[in-house]
Amino acid sequence: MPIVVEIDVMLAKRKMSVGELADRVGITPANLAVLKNGRAKAVRFSTLAALCEALECQPGDLLRWEAEDAGA
């Protein structure tokens with residue numbers, strides 16, 4: 001998938017656990033795991049905004065586009 005989710009990077013920078021972030025954002029740890037492991041098909045802007053608020057970051061700190069390998 002060309003969109004890479006880097007929530008783990010921000011969690012490490014903020015020294016925050018997945019459970020703590022899930023509580024702050026108001027989603028289940030299981031749903032946060034789906035998102036952070038790149039298995040989500042979509043993310044609501046309200047969820048993205050809550051993640052950014054909780055992690056004190058910008059959306060670009062959590063999501064990045066990566067070109068797909070043309071040879072694959």
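Note that the structure is a prediction, hence the values are computed from the model and not measured.
Side-chain heavy atoms closer than 4.5 Å link hydrophobic residues (I, L, V, M, F, W, Y) into clusters, and following such links, possibly through other members, connects Met10 to Val18. Hydrophobic clustering, with ILVMFWY side chains joined whenever heavy atoms are under 4.5 angstrom apart, groups Leu11 together with Leu48. Val5 and Val43 fall within the same hydrophobic cluster, defined by Ile, Leu, Val, Met, Phe, Trp and Tyr side-chain heavy atoms under 4.5 Å apart, directly or through other members. Hydrophobic clustering, with ILVMFWY side chains joined whenever heavy atoms are under 4.5 angstrom apart, groups Leu62 together with Met16. Residues Val34 and Val9 fall into different hydrophobic clusters, defined by Ile, Leu, Val, Met, Phe, Trp and Tyr side chains chained together at heavy-atom separations under 4.5 Å.
Around the CZ atom of Arg39, the shell of radius 6.0 Å holds more than 12 heavy atoms that belong to other residues, nucleotides or ligands.
With hydrogens and angles ignored, the 3.5 Å screen pairs no side-chain donor or acceptor of Asp61 with any backbone N or O of Cys57. In this structure, Arg24 contributes its side chain and Glu53 its backbone to no donor-acceptor pair below 3.5 Å. Although no hydrogens or angles enter the test, the distance criterion places a donor-acceptor pair under 3.5 Å between the side chain of Arg14 and the main chain of Leu55. A donor-acceptor pair is defined here as one N or O able to donate and one able to accept, closer than 3.5 Å; no such pair exists between the side chain of Asn31 and the backbone of Thr28.
Atom CG of Leu51 is separated from atom OG of Ser46 by 9.5 Å, given to the nearest 0.5 angstrom. Separating the CG atom in Leu35 from the OG1 atom in Thr47 is a distance of 8.0 Å, to the nearest 0.5 Å. Once rounded to the nearest 0.5 Å, the distance linking SG of Cys52 with CG of Leu63 reads 8.0 Å. Taking NZ of Lys15 as the start and NZ of Lys13 as the end, the distance is 11.5 Å to the nearest 0.5 Å.
Between Ile3 and Arg64 the shortest side-chain heavy-atom distance does not fall below 4.5 Å.
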